[in-house]
There are 2 protein chains.
Amino acid sequence: MDGVFKALSDPNRREILNLLKKKDLSVTEIQRHFKITGPSLSHHLDILKRANLVIAERRGQFIFYSLNISVFEETLKMFIKLFSK
Amino acid sequence: MDGVFKALSDPNRREILNLLKKKDLSVTEIQRHFKITGPSLSHHLDILKRANLVIAERRGQFIFYSLNISVFEETLKMFIKLFSK
DNA sequence: CTAATATTTAGACAGTTATCTAAATATCTA
DNA sequence: TAGATATTTAGATAACTGTCTAAATATTAG
């Protein structure tokens, strides 16, 4: 679970998750919302992927990213547990 | 809110929060559970303090740390919002 | 097949973080 | 007050992170 908190500790990555709430997006589409380069974005997506917070899936020409809701639920439970006595 | 996720991204700090769930503890008492030096622990406590996740209060000879529940609630809300469409 | 577009990988670099030792500050006890 | 205990501050260092440019890989279109 370490990776999840690490992944959430960067504002760009939280914003990516926020964008993906509305709908799945390709890297290029995500990129429009940021001023960082492609490789930097790719790096952030990799961290989110490894934390299992997002899922990447190629659809023809593009790779679409989407939220991994099930991991969110687990993380939420973990988070609540972290504070409840 | 950036500081909260950063604070939570370290396993030692999460363990400190976990210890404080049971009861308030002095630095020396917290230290018993870790193999890091005093200054390192002090550094972690400072980060938790600045994220408002804990409160420090001197009681005579010792400084006791306790969970700041209200900030936990805010953070939990933020966390849920981060994922709910 | 070649060129164009989409995305990732490799390698470098500056800034941040976790850790340490040594020293400073604060409080208590004798 | 002097010495012991509790905690923090200062300064150093190695590892990690976010960013970049250049190059590699994958897919589509002509």
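Computation of the quantities below employed the complete heavy-atom set of this structure, encompassing side-chain atoms and omitting hydrogens, waters and symmetry-equivalent molecules.
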Whether Ser9(A) side chain and Lys6(A) backbone form a donor-acceptor pair below 3.5 Å: yes
Step-by-step side chain to side chain contact (heavy atoms under 4.5 Å, CB included) determination, Arg59(B) to Asp24(B): CA-CA 11 Å; Arg59(B) 292 181 203 165; Asp24(B) 301 359; 3.0 Å; yes
Range on DNA chain D touched by chain B, heavy atoms, distance below 4.0 Å: dA6(D) to dT9(D)
side-chain N/O Thr37(B) vs dT19(C) OP1/OP2, d < 4.0 Å: no
Hydrophobic cluster membership, Leu41(A) vs Ile55(A), 4.5 Å side-chain cutoff: no
Of Pro39(B) and Ser9(A), the one whose closest DNA chain D nucleotide lies more 5': Pro39(B)
Same cluster (ILVMFWY, side-chain, under 4.5 Å), Ile36(A) and Ile30(A): yes
Under 4.0 Å protein heavy-atom contact, by nucleotide of nucleotides 25-30 of chain C - B base, S sugar-phosphate only: --SS--
Leu76(B)/Leu76(A) under side chain to side chain contact (heavy atoms under 4.5 Å, CB included): CA gap, chis, key distance, verdict: CA-CA 8 Å; Leu76(B) 183 59; Leu76(A) 182 59; 3.7 Å; yes
Atom-to-atom span, CG of Leu45(B) to P of dA18(C) - whole angstrom: 13 Å
Sugar-phosphate only, base, or nothing, as touched by Leu41(B) at under 4.0 Å among non-hydrogen atoms: nothing
Atom-pair distance (CG on Leu48(B); C1' on dA18(C)), nearest Å: 13 Å
Between P of dC20(C) and NZ of Lys35(B), the distance in whole Å: 8 Å
His44(B) side-chain N/O to dT19(C) phosphate OP1/OP2 under 4.0 Å: yes
Polar side-chain atom of Ser42(B) near backbone of Gly38(B) as donor-acceptor pair, under 3.5 Å: no
Upstream residue (5' side of DNA chain D) when Ser42(B) and Ser40(A) are each assigned their closest nucleotide: Ser42(B)
Cluster link Phe64(B) to Leu20(B), ILVMFWY, side chain under 4.5 Å: no
Arg14(B) side-chain N/O to Leu8(B) backbone N/O, donor-acceptor pair under 3.5 Å: yes
Touch class at under 4.0 angstrom, heavy-atom based, for Tyr65(B) against every strand present: sugar-phosphate
Nearest-Å distance for atom pair CG/P, residues Asp46(B) and dT17(C): 12 Å
For Arg32(A), all residues meeting salt bridge (Lys or Arg N to Asp or Glu O under 4.0 Å), sequence neighbours excluded: none
